[in-house]
Amino acid sequence: MTSSRTNRLKLYDQRHFEPPQPDIENVASLPNLLRAFEEATGWSLKYCRGSKPIHPTEYAWSAPADPGVGATLGHVQLSPVRSASAASEGPPASLYRLAAAIDGLVAELLTTQQALTHREAELAAAIPVVIRSDERNHLARRLRGVLRGGAEAVGCHAAALYLLDEATTTLKLRCSWGLPRDRLARPPRPLRGALADLEAMLGHAVVLEDTALFQQWNPPEDFPSAACVPVATPTNILGTLWVFCNSRRDFNDRETNVLEVVAGRLASDLEREILAHEGAEAAQIKRQLDAAERIQRHQLPSVPPMIRGWDFAGWVAQSGGVGGSFFDWFSLPRTSVAFALGDVAGTPLEAAIIASGLKASLRSHGQYHRNADRLLSHVNLTLWTGSAGDQSAALACGYVDAASDRVRLASAGSAGLLLARSDGWESLATDAPALGQSPEPVYRQTQLRLRPGDTLFCFTQGLRAALKGTTDEHREAWLAQWLTARRNLTAKGIASAARTEIADQHANSAQGTAIVVLKRTKP
């Protein structure tokens with residue numbers, strides 16, 4: 001026998017559920033308002049659904065109640081209730097104004113319902129409250145569509161999504177289907193005492209065949225039967241999904257499995273929105289950091305001082321794009337130049353802000369001080385008095401007097417100073433406290449005269465950390481030998497060679513590096 005059945009490819013189109021539009025009939029106080037209006041005026045004011053007025057010959061006045069959702073959902077109609085003569089005479093002008101005011105109130109309530117639904121859905125994923133251009137893809141519509149599909153799949157009449165707050169002490173209704181819209185305005189439910197929700201969040205589906213017999217489980221709505229399943233991602237418990245039925249019934253294994261799948265879909269939608277929001281925030285922060293890095297880089301001096309017989313160069317590398325490492329120089333009267341380099345401790349962004357303040361302080365105090373130790377003391381006092389005591393920085397600074405070929409130097413913290421001559425090298429760093437550690441530290445100034453060919457090399461702790469050796473002394477000795485071998489290079493050539501030398505090591509360093517090279521050339 002040949003079978004009459006034929007095998008055909010079956011295509012199932014995914015259904016897109018459109019959630020109900022705002023409905024003023026869910027406002028419990030409206031009937032009392034309309035009843036009081038009729039008793040006071042003798043005219044009936046009614047709200048009627050539909051985009052067109054109903055029975056246009058039976059009312060004296062009508063106005064649309066438009067919540068701004070793209071369609072007129074209903075009309076407010078004014079009609080007489082006592083006599084036909086009243087209809088022919090028409091209502092007084094004051095009654096028109098009162099009816100128009102109530103119509104405006106109805107439209108505002110519809111708008112509030114629409115906005116509340118969307119905002120609660122957005123808050124469920126902690127995303128900014130913004131107006132979406134593509135309304136069909138709005139999170140509120142997606143969540144309500146999933147709730148409706150899940151509830152109808154198991155033969156229920158309502159569904160609700162409750163999410164935990166940040167303190168995990170309450171459960172707030174964030175989205176619902178089949179429940180009055182005013183439920184969204186209710187305060188959160190305390191988690192303490194919500195036994196069904198607690199049991200569900202432990203990983204068990206809770207089925208209440210007759211809620212009247214299981215009041216100790218504290219269901220959130222008054223329905224004859226209900227079921228509760230957890231809403232969770234692989235790493236986080238988000239809340240619970242409730243479905244409600246208008247009659248007493250049981251839920252079999254297949255139906256509870258369906259509810260768990262629906263809860264997984266809800267968790268997936270929420271997590272996707274959270275990740276999208278975090279990605280947008282991360283992109284915004286990245287743009288801000290790029291702007292801060294650009295500003296910090298542009299604040300570095302790009303042109304060396306034009307002083308006969310002296311050659312200047314500098315270089316800085318931050319460990320995270322922005323940071324607290326910097327160098328600076330600026331000209332002073334009588335052919336003098338002030339120079340400095342520093343390294344601020346702290347997180348990259350915090351260090352960058354403090355470094356900017358230090359540079360401003362150096363330039364300000366450097367205009368009237370000519371001794372490096374006094375300059376360090378005043379900069380330290382500025383940092384100490386302007387912070388909470390948790391900011392510190394290493395700093396080396398000095399003055400170059402081109403007329404006498406003399407240099408005055410002072411350092412604080414871990415800043416390094418090396419002088420390379422034809423007959424050897426010398427470390428000029430002093431064991432002085434870092435800036436910001438006390439209000440009255442003692443700094444010592446060193447004066448020296450540079451001969452043609454002598455090179456002064458200033459660097460921060462980040463350079464030591466990126467170089468070879470087991471201790472700071474070994475690293476400094478290695479650096480001094482490296483510098484002595486390159487005395488014949490220009491200041492810019494020495495800075496470039498140092499940059500190339502430590503490029504590979506600095507890539508894995510958690511510290512920034514700043515270098516300043518001063519070389520005495522032939523007059």
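Each residue takes its place number in the sequence, starting with 1.
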How long is the straight-line distance from [atom2] of [Y] back to [atom1] of [X], given to the nearest 0.5 Å?
| X | Y | atom1 | atom2 | answer |
| --- | --- | --- | --- | --- |
| K359 | F326 | NZ | CZ | 7.5 Å |
| L358 | S361 | CG | OG | 6.5 Å |
| W425 | L479 | CH2 | CG | 9.0 Å |

Whether [X] side chain and [Y] backbone form a donor-acceptor pair below 3.5 Å:
| X | Y | answer |
| --- | --- | --- |
| S411 | T430 | yes |
| R520 | G309 | yes |
| R144 | S176 | yes |
| T484 | A480 | yes |
| N380 | S438 | yes |
| R370 | Q367 | yes |
| S364 | A360 | no |
| W329 | V303 | yes |

Derivation and outcome, side chain to side chain contact (heavy atoms under 4.5 Å, CB included), residues D328 and V516: CA-CA 9 Å; D328 195 17; V516 169; over 6 Å; no
With a sphere of 6.0 Å drawn around [atom1] of [X], does it hold more than 12 non-hydrogen atoms of other residues, nucleotides or ligands?
| X | atom1 | result |
| --- | --- | --- |
| K492 | NZ | no |
| R374 | CZ | no |
| D431 | CG | no |
| R272 | CZ | yes |

Review item, side-chain donor-acceptor pairs of residues 185-201, under 3.5 Å, at least two apart:
residue, atom, partner, partner atom, Å
R189, NH1, D197, OD2, 3.1
R189, NH2, D197, OD1, 3.1
R189, NH2, D197, OD2, 3.2
D197, OD1, T240, OG1, 2.7
D197, OD1, W242, NE1, 2.9
E199, OE2, H204, ND1, 2.8

Which pair of non-hydrogen atoms, one from [X] and one from [Y], has the smallest distance, and what is that distance?
| X | Y | answer |
| --- | --- | --- |
| A151 | W177 | CB-CZ3, 3.7 Å |
| S356 | Q299 | OG-OE1, 4.2 Å |
| T460 | G342 | CG2-O, 3.8 Å |
| L184 | C175 | CD2-N, 4.1 Å |

Of all residues at least two apart in sequence or in a different chain, which pass the side chain to side chain contact (heavy atoms under 4.5 Å, CB included) check with S404?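 Listed in chain order: D401, R406.
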We want to know whether [X] and [Y] form a side-chain donor-acceptor pair, criterion being a heavy-atom distance below 3.5 angstrom.
| X | Y | result |
| --- | --- | --- |
| S427 | E476 | yes |
| S377 | D373 | no |
| Q461 | R464 | yes |
| D343 | S325 | yes |

Which one of L375, L409, V407 satisfies the side chain to side chain contact (heavy atoms under 4.5 Å, CB included) criterion with Y399?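 Testing Y399 for a side chain to side chain contact (heavy atoms under 4.5 Å, CB included) against L375, L409, V407 leaves exactly one candidate, L375.
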Could you walk me through whether V337 and F330 satisfy the side chain to side chain contact (heavy atoms under 4.5 Å, CB included) test, starting with their C-alpha distance in whole Å, then the side-chain angles of each, then the deciding distance to 0.1 Å, before giving a yes or no? CA-CA 6 Å; V337 173; F330 52 94; over 6 Å; no
One thing to verify: whether D290 and K286 come together as a salt bridge, which I'm taking to mean a side-chain N less than 4.0 angstrom from a carboxylate O.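 A salt bridge links K286 with D290.
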Between K172 and D165, is there a side-chain N and carboxylate O pair less than 4.0 Å apart?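 Result for this pair is no, no salt bridge flagged.
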List, one per line, each side-chain donor-acceptor pair under 3.5 Å for residues 412-422, sequence neighbours excluded.
residue, atom, partner, partner atom, Å
R421, NH1, D454, OD2, 2.5

Start with the C-alpha distance between L456 and V517, add both sets of side-chain angles, then the distance that settles side chain to side chain contact (heavy atoms under 4.5 Å, CB included), and finish with yes or no. CA-CA 6 Å; L456 180 64; V517 182; over 6 Å; no
Return the orientation label for the H378 and Y368 ring planes: parallel under 30°, perpendicular over 60°, tilted otherwise.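 Ring orientation, 0 to 90° scale: perpendicular.
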Could you check E273 against R142 for salt bridge (charged side-chain N to carboxylate O under 4.0 Å, His left out), going step by step and ending with a plain yes or no? CA-CA 11 Å; E273 290 291 333; R142 296 203 306 270; 2.4 Å; yes
Please step through side chain to side chain contact (heavy atoms under 4.5 Å, CB included) for the pair L143 and L266, ending with a clear verdict. CA-CA 7 Å; L143 294 181; L266 293 171; 3.8 Å; yes
